[in-house]
Amino acid sequence: MTEMADYPQTRRQPSDPTPAVVPTHHPSPRDVSFSIQTRMDSGLGRTGVIHTPHGQIQTPAFIPVATQASVKAVAPEQMSAIGAQALLGNAYHLYLQPGAELVDRAGGLGQFMNWSGPTFTDSGGFQVMSLGSGFKKVIDMSGPHAPDGTGSDDDTAAGKNRLAHVDDDGVWFTSHLDGSKHRFSPEISMNIQHQLGADIMFAFDELTTLHNSRRYQETSLERTRLWAQRCLDHHAGLTAHRSDRPYQALFGVIQGAQYEDLRRKACQDLSAMQAEFVTDHGTDRAGFDGYGIGGALEKKNLGTIVSWCAQELPEDKPRHLLGISEPDDLLWAIESGADTFDCVSPTRVARTGAFYTDYGRINLPRAQFKDDFAPLQPGCDCYTCAHYSRAYLRHLIKAKELLVHTLISIHNERFVIRLVETIRTSMIEGTYPELKEQVLGRYYSAEASDPPGASARFSVTP
């Protein structure tokens, strides 16, 4: 992967946020916690609760993505109505527009977007890959992989130009909006995320691809380790500096691609990290408040990689798996020890006219739905299915009416959120194996081309 000399700065970097008042309470890591409620009889899965200043998150939980302070085409009030417990914004995109300083002045991400629940922000680490190599997803990238440890470290996705250049201190980004140059480092990412004010932030990391060589994965992992300590140290300083604000949790990010030794090493290294925090009683040393499991991986290895991490990471800290939402991925991730996850897929596929059902994902523009007056998913409890038919929604697609993006997105987000709710209930009640068998048997069955109504005991629909 190429390195690049310093670009001329074209935009003022965010300064350390300034506190407004003298605090009566020093925010500290003790203000955010995770409690485990039940454990699976087999596997590493568990249910629990993440406690944040803006509310609780019952886990396992799917966290919808609001990249630019908006879940695409869906209002925050609608997201609350369909059961979303938290939303995830992106620090890089919000830095570009409207700017972290503006969001800070608005009272933070949640208040800015009229969302009263917990919020997450990604660090910009995903853009190191998506703007660097040009790949847009972390599972099963197209092109030649490097299973034997060899590969091209300068590969880019077809038709993509490299817009991110990594060095040991940070990353130079070229804006996809106007071509301007922007510098990100661990400290700058922490400044931005503190100004955005999310309840849960992620340390700045380098996300590699499946194409990178073993040698580069090792170099990148060490870089991410050093960046993680810098993030933790700067986070502790900003927490003391912004002591008029609620505590913001910081999750370290685990990389290592598909190598077991690298994944376990990353978990051990980040678990041991600490920084000194100011508290009401002096100072206290603390580590990360949770951990994100990131990086590129093959779908077939997802559960295995999550389990490696779950075996190494502290039991009393939540684990967030970045970038998944397919039913089989969710099941493998949850039983392997992941607590929360995020993905843009529900709204992304909605904008192509695709919708989720218990029997698979279906493309609504197909001619068979022209006079189909059934809801998208018989028995679904979402607003869209209660009020609109497949025929009407297909008409909106053909007429290029933007309303259809909202209506299908509401359904798809509710489908994934409800699936995870159902998984959580089955874990508590001890019926997870039966649920897993039914979900996988239905969703990936040959019947997906023409789904019947849902009525069985473990259906995703109510």
Side-chain angles (χ1 to χ4, degrees), residues 14 17-21 23 25 27-29 31-34 49-59 61-124 126 189-203 235 238-239 241-251 289-290 292 318 320 322 339-344 346-347 406 409-410 413-414 417:
T18 303
V21 296
H25 166 70
S28 76
D31 297 340
V32 173
S33 63
F34 175 63
V49 182
I50 302 173
H51 306 268
T52 81
H54 290 93
Q56 297 181 350
I57 303 171
Q58 306 285 330
T59 66
F62 176 69
I63 313 300
V65 176
T67 301
Q68 301 186 83
S70 170
V71 177
K72 289 194 183 301
V74 186
E77 295 85 353
Q78 293 170 314
M79 293 306 302
S80 179
I82 64 177
Q85 299 185 68
L87 299 179
L88 182 146
N90 183 275
Y92 175 75
H93 287 285
L94 291 169
Y95 156 79
L96 289 181
Q97 60 178 19
E101 297 92 341
L102 186 147
V103 176
D104 193 18
R105 293 199 304 272
L109 179 59
Q111 191 163 340
F112 182 58
M113 65 187 293
N114 194 34
W115 172 260
S116 61
T119 53
F120 292 57
T121 47
D122 194 1
S123 66
F126 181 78
S189 178
M190 288 295 94
N191 287 346
I192 292 168
Q193 292 191 77
H194 269 264
Q195 288 179 314
L196 295 175
D199 294 281
I200 295 174
M201 310 176 292
F202 289 91
H235 164 58
L238 287 173
T239 299
H241 190 59
R242 288 169 60 86
S243 52
D244 61 311
R245 304 298 177 91
Y247 180 71
Q248 296 174 248
L250 178 62
F251 283 22
D289 303 291
H320 181 92
L322 293 140
D339 301 302
T340 55
F341 2 81
D342 69 273
C343 193
V344 300
T347 55
T406 297
S409 292
I410 287 173
E413 292 283 10
R414 177 57 186 155
I417 289 169

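Please read these numbers as outputs of a predicted model, since none were measured by experiment.
Listed by chain and number, the residues in a salt bridge (Lys or Arg N to Asp or Glu O under 4.0 Å) with D339 are R46 (sequence neighbours excluded). Partners of Q111 according to the side-chain hydrogen bond (donor to acceptor under 3.5 Å, both in side chains) rule, which considers only residues two or more places apart in sequence or in another chain, do not exist here.
Put simply, CZ on F251 and CG on L322 are 10.0 Å apart, with the number rounded to the nearest 0.5 Å. Between the CD1 atom in I192 and the CE atom in M201 there is a gap of 12.0 Å [rounded to 0.5 Å]. Once rounded to the nearest 0.5 Å, the distance linking OH of Y95 with CD of E101 reads 8.5 Å. Rounding to the nearest 0.5 Å gives a distance of 10.0 Å between CE of M79 and OG of S70. I410 CD1 to T347 OG1: the interatomic distance, rounded to the nearest 0.5 Å, is 12.0 Å. Remark: Q78 CD to R414 CZ distance equals 14.0 Å, nearest 0.5 Å.
Of all the heavy atoms in A91 and L196, the pair that sits closest is CA-CD1, 3.8 Å. Contact record, A203 with S123: O-OG, 3.3 Å, taken as the closest heavy-atom pair. Minimum interatomic distance between T119 and A198 (heavy atoms only, all atoms of both residues): OG1-CA, 3.2 Å. Among all heavy-atom pairs drawn from S80 and W115, the shortest one is N-CZ3, 3.7 Å. Across all non-hydrogen atoms, the minimal contact from G55 to P118 is O-CG, 3.7 Å.
The main-chain N or O of F202 is found under 3.5 Å from a side-chain atom of Q193 such that the two form a donor-acceptor pair.
Contact check for D342 versus P64: no side-chain heavy atoms found under the 4.5 Å cut-off. Annotation: side chain of I82 is in contact with side chain of I417 (closest heavy-atom distance under 4.5 Å). Put simply, the side chain of D199 does not reach to within 4.5 Å of the side chain of V32, judged on heavy atoms. Put simply, the side chain of S28 does not reach to within 4.5 Å of the side chain of T239, judged on heavy atoms. T406 has its side chain out of reach of K72: every pair of non-hydrogen atoms, C-beta onward, lies at least 4.5 Å apart. Counting heavy atoms from C-beta outward, S189 and Y92 have side chains that stay 4.5 Å or more apart. Within the 4.5 Å cutoff, the side chain of F62 has no heavy atoms near those of the T340 side chain. L94 is not listed as a side-chain neighbour of N90, based on a closest heavy-atom distance of 4.5 Å or more.
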Q) Under the side-chain contact (heavy atoms from CB on, under 4.5 Å) criterion, do L109 and T121 qualify, and how do the steps go? A) CA-CA 9 Å; L109 179 59; T121 47; 3.9 Å; yes
**Q.** Full working for side-chain contact (heavy atoms from CB on, under 4.5 Å) between M113 and L87
**A.** CA-CA 10 Å; M113 65 187 293; L87 299 179; 3.6 Å; yes
(Q) Under the criterion side-chain contact (heavy atoms from CB on, under 4.5 Å), I'd like the reasoning laid out for M190 against L238: C-alpha separation, chi angles, the key distance, then a yes or no. (A) CA-CA 8 Å; M190 288 295 94; L238 287 173; 4.0 Å; yes
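Paired with Y247 under the rule ring-ring contact (aromatic ring centres under 6.0 Å, His included), one option of H54, H235, H51 passes, and it is H235. Each of L88, D289, I50, I63 was scored for a side-chain contact (heavy atoms from CB on, under 4.5 Å) with I200, with one residue passing: I50.
Ring planes of F120 and H320: tilted class, angle from 30 to 60°.
In summary, the aromatic rings of H241 and H194 are positioned with their centroids too far apart to meet the 6.0 Å limit.
If you check the side chains of Q97 and Q68, you find a donor sitting under 3.5 Å from an acceptor. Under 3.5 Å, the side chains of S409 and E413 contain no donor-acceptor pair of N or O atoms.
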